[in-house]
Student: 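I'd like to ask you about the structure that follows.
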Amino acid sequence: MKESSGIRELKGIGEKSEKIFQRAGICTVGDLLRYYPKGYDIYEDPVTVAELEEGRIMTVSGAIYGRVQVGGNPRMQITTLHVKDLTGTLKVIWYRMPFLQNTLSGGGVITLRGRIAQKRGMLVMEQPEIFYPAVKYEQKRNSLQPVYPLTAGLTNHAVLKAVKQAVEKTDFAEDLLPEELRKSQELADFKEAVSGIHFPENKDVVFAARKRLVFEEFLLFILALRVRRGREEQVRNPYCFREHPRIARFLEQLPYELTGAQKAVWQEIRQDMCGIHVMSRLVQGDVGSGKTVVALLAMLFAGLNGYQAALMAPTEVLARQHFDTICRMFAQYGISLRPELMTGSMKAKEKREACSRIAAGEVQLIIGTHALIQENVIYRNLALVVTDEQHRFGVRQREKLRQKGECPHILVMSATPIPRTLAMIVYGDLDISVINELPKNRLPIKNCVVDTGYRDTAYRFMKKQIQMGRQCYIICPMVEESDTLEVENVVDYTENLSEILGSGYVVRCLHGKMKQSEKDEIMEAFSQNKIQILVSTTVIEVGIDVPNASVMMIENAERFGLAQLHQLRGRVGRGKHQSYCIFMSASRSEETKERLEILNHSNDGFFIAGEDLRLRGPGDLFGIRQSGILDFRLGDVFQDAGLLQAAGKAANRILEEDPVLEKPKYKNIREVLRRNWQQNAFEATL
Ligand code: ADP
Ligand code: MG
């Protein structure tokens with residue numbers, strides 16, 4: 001069997017299960033081999049019935065007590081069994097498995113592993129895995145069992161079975177990584193790594209397997225970028241940019257002076273745009289460092305030189321905000337260029353009209369979401385494309401926007417706090433500018449980490465701030481009430497808070513399930529201070545800029561990653577007012593406390609990213625990652641920084657030796673790169 005074989009060739013996979021696997025992105029045996037576990041379960045020692053705890057997956061061993069019974073209705077048959085040990089009796093339930101009645105009819109000792117739930121005041125075990133007779137458990141005891149990411153219809157067991165076959169039957173004749181590379185980097189071969197990641201005997205095996213697979217992942221990624229850059233670097237700047245006096249005047253009209261860092265970055269951008277080669281530049285700057293105005297300067301520069309410029313933002317809320325800011329400035333400063341908004345939720349007619357203005361060149365600055373890269377949007381003389389919050393976009397999308405022009409200048413803005421050395425590897429196809437300075441009028445945000453008992457005090461504090469003319473954000477993790485999670489939700493929260501505060505305070509909610517027009521209305525009203533408290537989900541996480549807001553309160557702060565919390569906090573402290581961030585947490589865990597303390601003591605995104613790394617460390621190998629930044633399948637740019645660097649160096653050596661990867665030993669790599677680009681494989685990564 002080859003990696004390219006279809007999964008139907010595996011035993012037990014028919015038409016129906018093939019479809020289910022395909023929905024999870026698994027079409028070939030190779031896909032299956034690379035469907036890595038997201039973590040591992042350890043089959044721990046069984047506990048007694050008295051030790052069982054609700055909500056946990058546990059193992060219990062005892063005698064089958066009484067008869068196995070099948071009840072329920074024909075469509076949902078329920079099999080029940082009682083297991084007894086010295087400490088008590090446990091009821092066990094299986095759904096739709098009536099045949100167990102026969103299997104378990106022999107009595108004797110059984111071991112069961114499953115989730116413990118509470119039913120009518122009693123603990124029950126639901127749908128457990130069966131080890132019968134109990135000695136069968138001994139084979140698994142203390143072993144690591146892979147836990148796979150699942151989609152509807154796909155069970156862990158099904159994946160495990162299929163992967164097991166795939167590992168056994170695939171002929172691993174050709175390793176993607178040439179032997180000399182594996183030797184020099186001390187990497188396992190593919191077969192060893194794959195069987196190690198799926199079926200490890202111990203943690204060391206996972207470690208070695210992961211090392212090889214992460215290296216491979218990084219190497220392919222970097223090579224993909226470099227190979228492309230190799231082609232692009234040659235591109236000469238086809239545009240004719242001249243200095244324009246209106247720029248200097250614009251800078252005078254701004255209500256503030258640019259920071260030194262903003263000036264320096266603008267200088268670099270201007271030189272690029274006037275230079276011999278087309279610009280590909282990343283502007284990195286912490287939240288609130290003032291990236292928008294720098295992007296705007298570049299767009300203005302393009303417009304004044306008779307070209308179009310496009311700005312793509314990840315959310316409609318953010319796109320509209322940018323559009324409004326630009327409209328306001330142009331009106332106020334008497335700039336005659338015309339902006340246009342283009343988003344997915346616009347009516348078909350509005351879109352058509354916008355498209356025709358864009359195609360005719362009647363508008364110069366085009367601001368929007370993904371809608372900007374749709375096929376029917378045709379630009380006229382597009383000389384600059386900007387992507388804001390670029391980590392929210394795929395390379396492919398950036399690429400698509402680029403292809404809308406002849407070969408436009410590219411500017412990407414990011415607040416992702418990754419160290420410069422990493423950025424240089426990861427964003428190998430971009431030059432990097434850093435805005436490492438906040439505007440001078442800023443007072444550092446004051447933070448506090450509190451438990452829910454502090455809520456009333458927080459509300460009193462917010463009232464005071466509102467009386468001073470300020471506004472507040474409150475973030476909740478959920479939109480609506482959920483039966484499974486005990487966390488705050490935006491809808492109920494807004495209602496309760498309105499009641500608590502009484503009249504005189506306008507509290508409104510904002511979340512992703514609302515209609516776009518509603519969201520726009522709410523954001524608009526909030527930015528005009530017609531709403532004093534905005535209760536929102538993380539839809540406002542990136543980019544939103546209402547400088548009058550001075551309080552950010554995050555409910556269930558324990559549920560968010562550090563990077564995300566930092567971004568959320570970045571919504572305040574954007575103006576001259578003293579701002580506050582309240583991290584509220586219902587959790588008493590030490591780990592949560594330590595994590596939140598980091599934010600409590602620092603407002604510096606780079607420092608926070610570093611601490612995040614230190615905290616999670618290699619120990620998180622067995623946890624589930626939630627950073628959201630540069631999500632590789634296995635690799636993590638922070639945790640695996642060493643491997644990333646090694647892969648970067650290896651990529652350089654390979655390309656020096658063989659710039660277009662034509663040697664036979666790189667044939668497989670070339671093939672994979674070609675396929676990946678076709679399948680948008682890196683879409684989610686950058
Ligand atoms: P980000 O880098 O997070 O995108 P923005 O560009 O949205 O930040 O800027 C945040 C706020 O700071 C905006 O309200 C903007 O008008 C203001 N701002 C930008 N540059 C300066 C500056 N040099 N001095 C004072 N305020 C500034
Ligand atoms: Mg921004």
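As the structure lists them, so they are numbered: ligands from 1, and atoms in each ligand from 1.
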Student: Is the backbone N or O of Gly285 less than 3.5 Å from a side-chain atom of Lys291, with the two atoms forming a donor-acceptor pair by type?
Tutor: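 Looks like yes, one N/O pair under 3.5 Å.
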
Student: Under a 4.0 Å heavy-atom cut-off, which residues neighbour ligand 1?
Tutor: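 Residue list for ligand 1: Tyr256, Glu257, Leu258, Thr259, Gln262, Asp286, Val287, Gly288, Ser289, Gly290, Lys291, Thr292, Pro439, Asn441, Arg442, Asp545, Pro547, Arg574.
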
Student: Just by distance, with hydrogens left out, do Arg559 and Gln564 show a side-chain donor and acceptor under 3.5 Å apart?
Tutor: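 There is no such pair (donor and acceptor under 3.5 Å, judged by atom type) between the side chains of Arg559 and Gln564.
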
Student: Would the distance check show the side chain of Lys404 and the main-chain N or O of Val377 forming a donor-acceptor pair, the cut-off being under 3.5 Å?
Tutor: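 Pair found, side chain donor or acceptor close to backbone of Val377.
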
Student: Do Asn603 and Asp286 meet the criterion of a side-chain donor-acceptor pair at a distance under 3.5 Å?
Tutor: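 No, no side-chain donor-acceptor pair sits under 3.5 Å.
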
Student: Is a donor from one side chain sitting under 3.5 angstrom from an acceptor on the other, for Glu316 and Ser345?
Tutor: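 Ser345 and Glu316 do have a side-chain donor-acceptor pair below 3.5 Å.
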
Student: Counting only N and O atoms by type, is there a donor-acceptor contact under 3.5 Å from the side chain of Arg246 to the main-chain atoms of His244?
Tutor: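 Checking the backbone N and O of His244 against the side chain of Arg246, no donor-acceptor pair under 3.5 Å is found.
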
